[in-house]
Amino acid sequence: MHLAYPAVLAALLFCVGLYGVLARRNAILVLMSVELMLNAVNLNLVAFDVWLRDGLHAGQALTLFTIAIAAAEIGIGLAIVLMVYRNRGTSDVDRLRDTAEGPDDGTDEAAAAAKKAEATA
């Protein structure tokens with residue numbers, strides 16, 4: 001087996017995943033792009049394991065470990081995204097500043113202080 005075919009395919013998959021992480025705004029699509037990048041790494045691990053004819057099959061064992069970690073990551077990541085969507089009403093990564101912050105109502109502190117002073121006067 002030639003090593004170039006799976007290596008080129010893995011590079012293309014990784015590039016598509018990287019584009020998805022950098023260009024997408026939806027958190028679920030970002031998670032899918034990360035999974036695509038992990039699958040490209042898995043493809044490289046298995047291809048190099050077959051090419052090197054490793055007796056211990058370390059590449060395949062590491063691939064199984066990576067798949068298990070990726071499954072846990074996507075489960076926890078999807079739960080976090082769903083929780084943020086329920087609380088904020090959006091899964092747009094650009095609009096989410098911090099999960100500890102409250103929703104931005106478009107007013108700054110000076111305007112809020114002026115409204116408070118008006119209300120007490």
Side-chain angles (χ1 to χ4, degrees):
M1 174 176 90
H2 293 287
L3 185 60
Y5 299 131
V8 168
L9 178 62
L12 289 174
L13 282 175
F14 194 85
C15 289
V16 169
L18 186 64
Y19 172 74
V21 167
L22 296 176
R24 299 292 177 188
R25 292 184 178 165
N26 190 350
I28 297 201
L29 292 177
V30 170
L31 284 175
M32 287 174 55
S33 298
V34 168
E35 288 295 319
L36 196 61
M37 292 167 62
L38 284 172
N39 285 329
V41 170
N42 287 339
L43 180 61
N44 265 337
L45 284 171
V46 172
F48 276 97
D49 182 53
V50 170
W51 184 65
L52 293 174
R53 294 185 180 95
D54 185 17
L56 295 175
H57 299 293
Q60 293 178 19
L62 191 58
T63 297
L64 288 176
F65 182 71
T66 307
I67 289 171
I69 295 297
E73 174 257 334
I74 198 70
I76 292 172
L78 190 59
I80 291 171
V81 168
L82 288 175
M83 182 192 66
V84 167
Y85 181 76
R86 286 181 185 164
N87 289 338
R88 301 279 177 112
T90 183
S91 64
D92 188 4
V93 177
D94 291 336
R95 295 188 60 202
L96 301 175
R97 289 188 179 173
D98 191 7
T99 56
E101 279 186 20
D104 187 19
D105 60 354
T107 60
D108 58 348
E109 292 179 18
K115 284 183 183 179
K116 186 177 180 182
E118 270 183 31
T120 58

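Only a predicted model underlies this, so the values are computations on that prediction, with no experimental measurement involved.
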One should read off an interatomic distance between His57 NE2 and Leu52 CG, to the nearest 0.5 angstrom, of 12.0 Å
Scanning both residues in full, the closest heavy-atom pair of Leu38 with Ala70 reads CD1-CB, 3.7 Å
Taking every heavy atom of Pro6 against every heavy atom of Asn44, the minimum-distance pair comes out as O-OD1, 4.3 Å
* Asked: Tyr5, Leu13: one ILVMFWY side-chain cluster at the under-4.5 Å cut-off?
  -> no
Single-linkage hydrophobic cluster Val46~Leu56, side-chain heavy atoms < 4.5 angstrom | no
Rounded to the nearest 0.5 angstrom, the OG1-CG distance for Thr63 and Leu45 is 4.0 Å
Q) Is Ile80 reachable from Ile74 through a run of I, L, V, M, F, W or Y residues, each pair having side-chain heavy atoms under 4.5 Å apart? A) no
With a 4.5 Å cut-off on side-chain heavy-atom distances among I, L, V, M, F, W and Y, is there a chain of contacts connecting Val16 to Tyr19? no
Note: Leu36 and Gly17 closest approach over all heavy atoms is CD2-N, 3.9 Å
Margin query: For a side-chain contact (heavy atoms from CB on, under 4.5 Å) check, start with the C-alpha distance between Leu43 and Leu9, then their side-chain angles and the critical distance, and finish with the verdict.
Written below: CA-CA 8 Å; Leu43 180 61; Leu9 178 62; 3.8 Å; yes
CZ of Arg25 to CG of Asp94, rounded to nearest 0.5 Å, is 5.0 Å
dist Glu35:CD -> Asn42:CG (nearest 0.5 Å) comes out at 9.5 Å
To the nearest 0.5 Å, atom CG of Leu62 lies from atom CZ of Phe48 at 13.5 Å
Q: List the steps, then state whether side-chain contact (heavy atoms from CB on, under 4.5 Å) holds for Val30 with Asn26.
A: CA-CA 6 Å; Val30 170; Asn26 190 350; over 6 Å; no
Here the gap from Tyr85 atom OH to Leu78 atom CG, rounded to the nearest 0.5 Å, amounts to 13.0 Å
Residue pair Leu18, Met37: steps toward the side-chain contact (heavy atoms from CB on, under 4.5 Å) verdict:
CA-CA 7 Å; Leu18 186 64; Met37 292 167 62; 4.3 Å; yes
| message | Please evaluate residues Leu31 and Glu73 with respect to the criterion side-chain contact (heavy atoms from CB on, under 4.5 Å), reporting the C-alpha separation (whole Å), side-chain torsions for both, the decisive distance (0.1 Å), and the verdict. | response | CA-CA 9 Å; Leu31 284 175; Glu73 174 257 334; 3.6 Å; yes
